[in-house]
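Presented below is the structure to which this report refers.
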Amino acid sequence: MTSNTEEGNKKKLEEEKREMNNNSSPANFIENIIIEDLKSNMNDGKVHTRFPPEPNGYLHIGHAKSICLNFGIAQEFKGLCNLRFDDTNPSKEEVEYVESIKEDVRWLGFDWDDRMFYASDYFEKLYQYALQLIKAGKAYVDDLSAEEIREYRGTLTEPGKNSPYRDRSIEENLDLFKRMRSGEFPDGSRVLRAKIDMASPNMNLRDPVLYRIMRATHHRTGDKWCIYPMYDYAHPISDALEGITHSICTLEFEDHRPLYNWIIDSLIDEVTDFKSRPQQIEFARLNLTNTVMSKRKLRELVEEGYVEGWDDPRMPTISGLRRRGYTPEAIRDFCERIGVAKSNSIVDIALLEHCIREDLNAKAPRVMAVLRPLKVVIENYPEDQVEELEAENNPENSSMGSRKIPFCREIYIEQEDFMENPPKKFFRLTPGKEVRLKHAYIIKCERVIKDENTGEIIELRCTYDPQTKSGEDTSGKKVKGTLHWVSAHHALKAEVRLYDHLFIEESSEGESETKMVLNPNSLEKLTSFVEPSLKNASIGNSYQFLRNGYFCVDPDSTDNKLVFNRIVGLRDTWAKIKKG
Ligand code: ATP
Ligand code: MG
C-alpha cells in the first residue's frame, strides 16, 4: 500500500517537475525535495545553491558532478548558485588553486556572476557569532590537549566525559577567547568548543571544536588571524549569510547535519544578517574505476612525479581532461547520465569515454594519420605524379564538407595492417592480396623487403589498379579491407601520445589502497605521420584519426612539431556492456 502511494507521489512530482522546467528527464531526489519546498513556499519560493571548493588542489571529475548539480539546479529552478571558496584552513591553500578552480568552473559552462565569495570574507562575523554562542552558554574554551580531547570523546559504544573546563563561567570564556584571538596563547594550547552533549550517540555532537589556534599565513587575510574556524562551524554560517537555501554536499557529511542545524538554530534568532535558514542535503560522491579521486592522492601523483602535473592528460582533473581533449559538453553529459543518488557506487570509466565519443562523433573532422608507419612503394605509379583526391570530412555530418588529400608513389600504412603469414580472417594487406586505400585505389602487395640483418619488414612493394579510384571504380572488384594511409612525401611528422588508465586494477577510493596499482604503461609516445591538411591545426582542436580513435592537439605543439593526445580509442566498451 505505502509503496504504491509513494510510487504515485513520485510520478506526480516528476510530472510537476517536467511542467515546471520543460525538462524530459525524471527528477532526482534532490529536485523532488526542492519541488516540495517550493510548493510549501519555503524560503519565499527561492532556490539558492553554492559550489564550495576548498582551494587546496585542482578540481577533478567528482567536483564536476557537484558543479553540474549545484549550478544545474539553480538554472532549472530559476535560482542562483554562488561560487564560494572554503578557505578556512590556511596551511594547505594557495592562490594558484583559486585561479584554476575559477577557470575550470567557467570552462564547464557555468557562471557565478558577481557572487564569488570566500569563507574568509566572514572571519570577523564568525568570530562575533562565537562570542554570542559563549554568551548564550553554548560554547567554552577548553585547555585540554588534542590528545586529551580525543580520549575524553569516548567511542561509538561508550559515551564521552566532560572536560574539566566545560563549566567555566561565561566571563572567563569570553576573556580567554578574546585572548586566543589576540595571540596570547601558543598554537594548539586551547580551542573553542560547542557545548552540546558529551554522551550523544552522534560523535559530531560531543562538544565539537569550533576554533583552533594556528599561526599560519592565510592567502587572503595574511597574518591578521591566529585563530581559524573549523569547517563545520564556518560552513552553515557562510550558507546562511549568503542566503543559501539548499546546501548540497557529499554523503560523508550526513552525520554532521545535526551539528549544521545546531549551529544555525543556536544563532538564527539573534543574528540579523542571516538571509536564509539553509538545509543540508547529502548525495553520493562520484567514484570512477581505474583512477583515484581525492585531492590528496592526486597531489601525491603530481608531487612524486608519477605524472607531469595537475593537467597531465592522464589525470582525472578537469584541467587534465581538458588537455586530453574532453569537451565541457561530454563532461556535462556524463554528469547527467550518472545521476544523483543517496548511496555510494563506482562508475565505470568506460561511460566517461563513451560520452566523449558521442560528442565528437559528429563534431570532429575525420582525417588520416599513421601511428606506426610502414613504407609502401607503388611500383606502377608514375614517379613524379601527385593526385589530389577528394575526401569527405565527416560522413555523419555532410555540412562539414570535404578536402583534398595528395596521393603519390610512396605512402605509409600502419605496420599492423600488414602480415606476411596472416591468420584466416585477416582482411588487411598480405602478400599477393588486394586491399582498398581509403579515398584512393585498390593496391596489391607484390613483395616484402626486409632488413638483411634483423629480418624486420622495412618496406612493401605494391602495385595499384588505376581502374579502382574511389568514387570512379569501374573494375567491379570487391575487397574486404580498407586501410588508412598518408602520402610519404606530403605527410607531417607528429608526436602522438597514447594513454592508458593511470591505475590498472579496477578499484577506487574507499577500497583498500593496495588494490590500486599504478599502470607503468599509461603513456606511450610515438613518432607518427598525419595528413598534410593538419598543418594549421591549433591547440585544442580535435579530430578522428580514421580507425585509430579521437585525438586532440596538445599545448606542447610548436610551429615545427605537432603533438597529439589520444583522447580515446574507437572501440566503445561501454556500448558493448550495455548491449550485453
Ligand atoms: P577531495 O576529497 O577530492 O579532496 P573534497 O570534498 O575535500 O574533495 P572540496 O573542495 O571540499 O573537496 O569539494 C567541493 C565540493 O565538491 C564539495 O561540496 C564536495 O562535496 C564536492 N565533491 C568533492 N568530491 C566529490 C566527488 N567525488 N563527487 C561529487 N562531489 C564531490
Ligand atoms: Mg574538503
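All residue numbers in this chain count up from 1 along the given sequence. Predicted model, so just to flag it, every value in this text is computed and none were measured. First listed ligand is number 1; within each ligand, the first listed atom is number 1.
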Heavy-atom gap Phe253 to ligand 1 smaller than 4.0 Å: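 Per 4.0 Å heavy-atom rule, Phe253 does not contact ligand 1.
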
[X] versus ligand 1: do any nitrogen or oxygen atoms come within less than 3.5 Å of each other?
X      : result
Asn56  : no
Glu252 : no
Thr250 : yes
Lys65  : no
Pro52  : no
Phe283 : no

Just to verify, what does Lys125 make a salt bridge (charged side-chain N to carboxylate O under 4.0 Å, His left out) with, not counting sequence neighbours? Asp273

Supply the atom-to-atom distance Leu352 CG to Leu286 CG, rounded to the nearest 0.5 angstrom.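 One gets 9.0 Å once the value is rounded to the nearest 0.5 Å.
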
Using side-chain contact (heavy atoms from CB on, under 4.5 Å) as the criterion, list what pairs up with Thr217, not counting sequence neighbours. Asp223

Quick one: which of His60, Lys297, Arg285, Arg296 has a heavy atom closest to atom 2 (O) of ligand 1?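 Minimum heavy-atom distance to atom 2 (O) of ligand 1 goes to Arg285.
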
Test item: Arg299 side-chain N/O and Gly57 main-chain N/O as donor-acceptor pair under 3.5 Å: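 Answer holds: no.
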
Per-atom filter on ligand 1: closer than 4.0 angstrom to a heavy atom of Pro53 are 10 (O), 14 (C)

Tyr58 and Trp310 aromatic ring geometry - parallel, tilted or perpendicular at 30°/60° bounds: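 If you compare the ring of Trp310 with that of Tyr58, the planes turn out parallel.
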
Take a 6.0 Å sphere around CZ of Arg215 and say whether it holds more than 12 heavy atoms from other residues, nucleotides or ligands. yes

Check this for me: does any side-chain nitrogen of one of Asp121 and Arg220 sit under 4.0 Å from a carboxylate oxygen of the other? yes

